[in-house]
Trainee: 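Please read through the structure below; I'll follow up with questions.
Chain A is the first sequence line, chain B the second, and so forth, proteins listed ahead of strands; every chain is numbered from 1.
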Number of protein chains: 2
Amino acid sequence: MSKLRSAPTLEDVARMAGVSTATVSRCLNSPDRVVKATRQRVLSAVDTLGYTPNFAAQVMAAKRTFTIGAIIPTMENAIFARGLQAFQEELHQRGYTLLVSSSAYKPDLEEEQIRTLVARGADGLLLIGHDRDPKIYEYLDRRKIPVLVAWSYLPDAQVPSIGFDNRAAMFELTNRVIGLGHKRIGMISGISAGNDRARLRVEGVRDAVAQNELAVSDLRIIETPYEIENGAAAFSNLMSKGTRPTAVLCGNDVLAVGAIRRAQEMGLRVPQDVSITGFDDIELARIATPALTTVHVPHRDMGRKAALELVGMVEKTADGTALRLPTTIVERQSLGRPAKP
Amino acid sequence: MSKLRSAPTLEDVARMAGVSTATVSRCLNSPDRVVKATRQRVLSAVDTLGYTPNFAAQVMAAKRTFTIGAIIPTMENAIFARGLQAFQEELHQRGYTLLVSSSAYKPDLEEEQIRTLVARGADGLLLIGHDRDPKIYEYLDRRKIPVLVAWSYLPDAQVPSIGFDNRAAMFELTNRVIGLGHKRIGMISGISAGNDRARLRVEGVRDAVAQNELAVSDLRIIETPYEIENGAAAFSNLMSKGTRPTAVLCGNDVLAVGAIRRAQEMGLRVPQDVSITGFDDIELARIATPALTTVHVPHRDMGRKAALELVGMVEKTADGTALRLPTTIVERQSLGRPAKP
DNA sequence: ATCCCATTTGTAAGCGCTTACATAAAAAAT
DNA sequence: ATTTTTTATGTAAGCGCTTACAAATGGGAT
């Protein structure tokens with residue numbers, strides 16, 4: 001019994017309702033421009049035919065997609081989940097659809113995804129962090145596609161950003177750690193190449209170390225991709241060579257959870273034997289035992305505001321000004337005073 | 001200095017290269033149908049203009065999108081992350097793009113997303129679980145859009161599925177729990193309405209209880225949305241009324257982690273005072289303390305195979321046969337013998 | 001030199017929609 | 001009743017691409 005003909009078109013609806021395609025289009029897009037009787041006839045035709053507008057055709061004709069693209073580095077852990085969720089909720093409110101893809105922290109993959117999203121007609125783009133080939137910005141600029149950067153805040157960058165000051169946040173946390181008496185500090189950072197957030201977090205730590213006049217040699221830094229296992233491996237590494245640090249600051253919560261786990265496997269108590277901190281304050285941070293002392297980032301708020309701003313830029317009601325959101329340090333159980341030497 | 005003209009079109013490229021649009025199109029889509037000299041001229045024009053094909057126009061003309069849509073219930077936790085990642089990697093290999101959206105476990109939202117994806121021309125759809133309004137299946141059937149269900153295995157359903165036997169898996173786990181001597185069992189399930197996976201897991205527990213001739217009154221079940229906090233609340237609930245169960249089986253790892261946390265807050269030792277189990281074996285399960293005894297699901301494998309099958313269905317090289325993947329029980333520390341009464 | 005076939009390129013017709021503009025109908029003003 | 005204004009609908013021109021078909025080009029084979 002299945003019909004052989006393919007999806008019904010505007011014309012099918014128009015024919016069935018006895019009107020022109022223009023009228024059908026108007027019924028769907030600006031219902032009040034059509035008189036009630038006609039509208040009902042049309043809508044019932046739409047209904048019985050099971051008509052759904054062909055998106056590609058709409059885009060071609062109207063040159064608007066009401067689509068926003070976002071490219072995040074990863075979906076594998078929850079770092080971006082909450083913020084993106086809020087972003088998408090807000091977009092939906094405003095009548096926009098979100099297209100997400102993940103770049104696996106690979107710049108060339110990201111570039112490909114950007115082109116794909118642009119080809120698909122994204123009205124605006126949300127990108128994470130500023131670091132990328134300037135050519136990409138040129139490309140986007142030439143096509144006049146509004147771009148907003150999130151998870152980072154760099155007021156002087158050519159592209160507006162909405163996020164937080166990664167450097168200042170980590171600076172503050174490190175100061176707190178040093179204030180507790182820690183002198184030998186280890187850091188497990190994400191890969192900083194092409195990732196301004198990771199890089200700035202490291203610099204925040206460096207700043208604090210310098211300001212407190214600790215010997216630079218007392219700061220050991222390992223870079224590794226953001227994965228639990230890597231956090232564990234880096235922790236081993238840090239604890240195996242030379243004098244052990246009494247505090248290990250991690251570039252994010254994922255690495256920190258790995259570090260905690262390895263510490264426990266090594267029979268070290270956290271925080272009595274070694275303190276460990278994270279960054280982001282994702283759910284993981286509260287689940288870890290001991291719960292993680294970390295930098296809280298207002299993910300949902302950031303997502304919401306990013307949506308607002310980006311839609312504003314697309315609709316030319318906002319000019320894309322950078323916005324800095326506050327971060328706070330959440331004290332839980334993984335940071336304490338160092339053991340007496 | 002910014003150019004005023006908008007994105008270059010095929011015609012711009014054609015003009016610059018001194019050929020027709022057809023030739024440019026061929027250069028891009030079937031390069032060997034065009035002689036080398038011409039091709040180079042065209043490609044360099046493409047390059048200097050920074051041309052990217054307009055996707056909507058391609059779709060209109062070619063009636064193919066090489067896009068697969070997937071709708072998952074949530075992105076907030078990692079339940080679907082790993083499987084989806086594998087799904088998308090495999091699709092990418094095969095030249096397809098994945099469009100994901102999340103329905104927040106809301107049937108009407110899911111329906112809207114399905115329509116959106118169809119309107120966007122998805123060549124095929126991946127859905128999670130079988131339970132949904134039959135009208136949706138009719139709609140999809142009428143449009144001849146191949147649909148594959150994952151995370152579930154129901155060989156007799158009208159839509160092919162690739163997944164695992166939720167009921168049998170939970171049956172096996174429950175038997176193991178009962179075998180350890182547990183007689184009073186609690187279950188914290190996800191909301192089963194519109195969610196065959198949740199429902200079948202409950203039935204698996206029921207089956208085992210019945211088969212082992214435990215009193216049905218000794219099985220207490222609470223349904224709650226899949227969130228850590230809800231797991232905790234449900235656990236409180238289970239432990240507060242009547243005789244306490246000695247084992248609490250959870251519908252997934254997220255609920256189980258919440259239950260563990262609450263147990264600890266209540267001063268109960270897991271598993272000495274109460275055993276707790278999960279389902280899915282996501283990363284969380286290993287991070288929890290104690291680590292979670294749970295049902296391992298071959299997420300990556302499922303994702304990969306789903307991609308293969310769905311692409312096959314789209315390209316008419318596969319007929320969409322159901323496939324059942326094995327699950328295994330992962331023993332960690334959260335399940336033990338009940339305390340002596 | 002001529003003819004034939006294979007290869008390369010061009011021509012032009014859509015794909016399904018939106019929208020500026022034209023027209024028809026109804027309402028308001030005279 | 002006539003004219004003007006407003007409102008409702010129709011007409012048709014694209015949007016940027018793919019592709020069937022036609023035309024042109026270039027070798028061989030004769």
Side-chain angles (χ1 to χ4, degrees), chain A residues 5-43 45-46 49-67 95 115-116 118-123 143-144, chain B residues 5-43 45-46 49-67 115-116 118-123 143:
Chain A
R5 57 210 167 70
S6 63
T9 70
L10 244 210
E11 204 179 328
D12 296 330
V13 176
R15 200 175 312 123
M16 176 174 235
V19 297
S20 74
T21 62
T23 301
V24 179
S25 175
R26 278 188 286 255
C27 273
L28 267 21
N29 300 316
S30 35
D32 26 294
R33 301 207 46 229
V34 101
V35 86
K36 195 173 171 193
T38 319
R39 200 189 321 152
Q40 287 179 336
R41 210 145 29 92
V42 168
L43 292 183
V46 164
L49 288 173
Y51 170 77
T52 311
N54 178 314
F55 181 72
Q58 284 184 314
V59 171
M60 281 229 62
K63 312 205 144 246
R64 276 297 304 279
T65 63
F66 286 97
T67 293
R115 286 180 186 275
T116 302
V118 168
R120 283 186 131 78
D123 292 333
R143 286 195 170 42
K144 302 258 174 290
Chain B
R5 61 210 165 71
S6 61
T9 69
L10 244 210
E11 203 179 329
D12 296 331
V13 177
R15 199 175 312 124
M16 178 174 232
V19 297
S20 73
T21 61
T23 300
V24 178
S25 174
R26 280 189 282 256
C27 273
L28 268 20
N29 300 313
S30 35
D32 24 296
R33 302 207 44 227
V34 107
V35 87
K36 192 170 173 194
T38 319
R39 198 189 323 152
Q40 287 180 336
R41 209 145 29 92
V42 169
L43 292 182
V46 164
L49 287 174
Y51 169 77
T52 313
N54 178 314
F55 181 73
Q58 283 184 316
V59 170
M60 281 230 63
K63 312 210 145 238
R64 274 298 303 278
T65 62
F66 286 95
T67 293
R115 285 180 187 276
T116 302
V118 168
R120 283 186 133 79
D123 291 333
R143 284 196 172 41

Trainee: What is the separation between atom NZ on Lys36(A) and atom C1' on dA26(C), rounded to the nearest whole Å?
Mentor: 19 Å

Trainee: Output a table of nitrogen or oxygen pairs between the protein and nucleotides 4-7 of chain D separated by less than 3.5 Å.
Mentor:
none

Trainee: Base, sugar-phosphate, or nothing for Val59(B), non-hydrogen atoms under 4.0 angstrom?
Mentor: nothing

Trainee: Partners of Tyr51(B) by ring pair (Phe, Tyr, Trp, His ring centres under 6.0 Å), sequence neighbours excluded?
Mentor: none

Trainee: Could you tell me which residues satisfy side chain to side chain contact (heavy atoms under 4.5 Å, CB included) with Arg15(B), sequence neighbours excluded, listed by chain and number?
Mentor: Glu11(B), Asp12(B)

Trainee: With side chains defined as the heavy atoms from C-beta onward, is the minimum distance between Leu43(B) and Leu28(B) less than 4.5 Å?
Mentor: yes

Trainee: A side-chain contact here means heavy atoms from C-beta on lying under 4.5 Å apart; do Thr67(A) and Arg120(A) qualify?
Mentor: no

Trainee: Would you indicate whether the side-chain heavy atoms of Thr38(A) and Val19(A) approach each other to under 4.5 Å?
Mentor: yes

Trainee: Short question: side chain of Arg41(B), backbone of Ala17(B) - any donor-acceptor pair under 3.5 Å?
Mentor: yes

Trainee: Kindly give the atom pairs (protein nitrogen or oxygen, nucleotide nitrogen or oxygen) under 3.5 Å for nucleotides 5-7 of chain C.
Mentor:
none

Trainee: Please write out the pairs of protein N or O atoms and N or O atoms of nucleotides 16-19 of chain C separated by less than 3.5 Å, giving the distance to one decimal.
Mentor:
unit_1	atom_1	unit_2	atom_2	d
dG16(C)	OP1	Lys63(B)	NZ	3.0
dG16(C)	N2	Ala57(A)	O	3.4
dC17(C)	OP1	Tyr51(A)	OH	2.4
dC17(C)	OP1	Asn54(A)	N	3.2
dC17(C)	OP2	Leu10(A)	N	2.3
dT18(C)	OP1	Asn29(A)	ND2	2.9
dT18(C)	OP1	Gln58(A)	NE2	3.3
dT18(C)	OP2	Ser25(A)	OG	2.5

Trainee: Sequence neighbours left out, what passes side chain to side chain donor-acceptor pair (under 3.5 Å) with Thr9(B)? Give chain and number order.
Mentor: none

Trainee: Can you tell me the distance, in whole Å, between the CZ atom of Arg41(B) and the C1' atom of dT9(C)?
Mentor: 11 Å

Trainee: Which residues pass the side chain to side chain contact (heavy atoms under 4.5 Å, CB included) test with Val59(B), sequence neighbours left out?
Mentor: Ala56(A), Phe55(B), Thr65(B)

Trainee: Mind checking side chain to side chain contact (heavy atoms under 4.5 Å, CB included) for Val34(B) and listing every partner two or more places apart, or none if nothing turns up?
Mentor: Thr23(B), Cys27(B), Arg39(B)

Trainee: Please enumerate all residues that pass side chain to side chain contact (heavy atoms under 4.5 Å, CB included) together with Ala61(B), with sequence neighbours excluded.
Mentor: none

Trainee: Can you list the residues that meet the side chain to side chain donor-acceptor pair (under 3.5 Å) rule with Ser25(A), with sequence neighbours excluded?
Mentor: Asn29(A)

Trainee: Starting at CG of Asp32(B) and ending at P of dT9(C), how long is that distance when rounded to a whole Å?
Mentor: 12 Å

Trainee: For the helix from dA1(C)-dT30(D) to dT30(C)-dA1(D), how many degrees between its two end axes (five pairs per end), to the nearest 10°?
Mentor: 40°

Trainee: Would you please name every residue forming a side chain to side chain donor-acceptor pair (under 3.5 Å) with Arg64(B), sequence neighbours left out?
Mentor: Tyr96(B), Asp123(B)

Trainee: Hey, does Arg143(B) have a side-chain heavy atom less than 4.5 Å from the side chain of Pro8(A)?
Mentor: yes

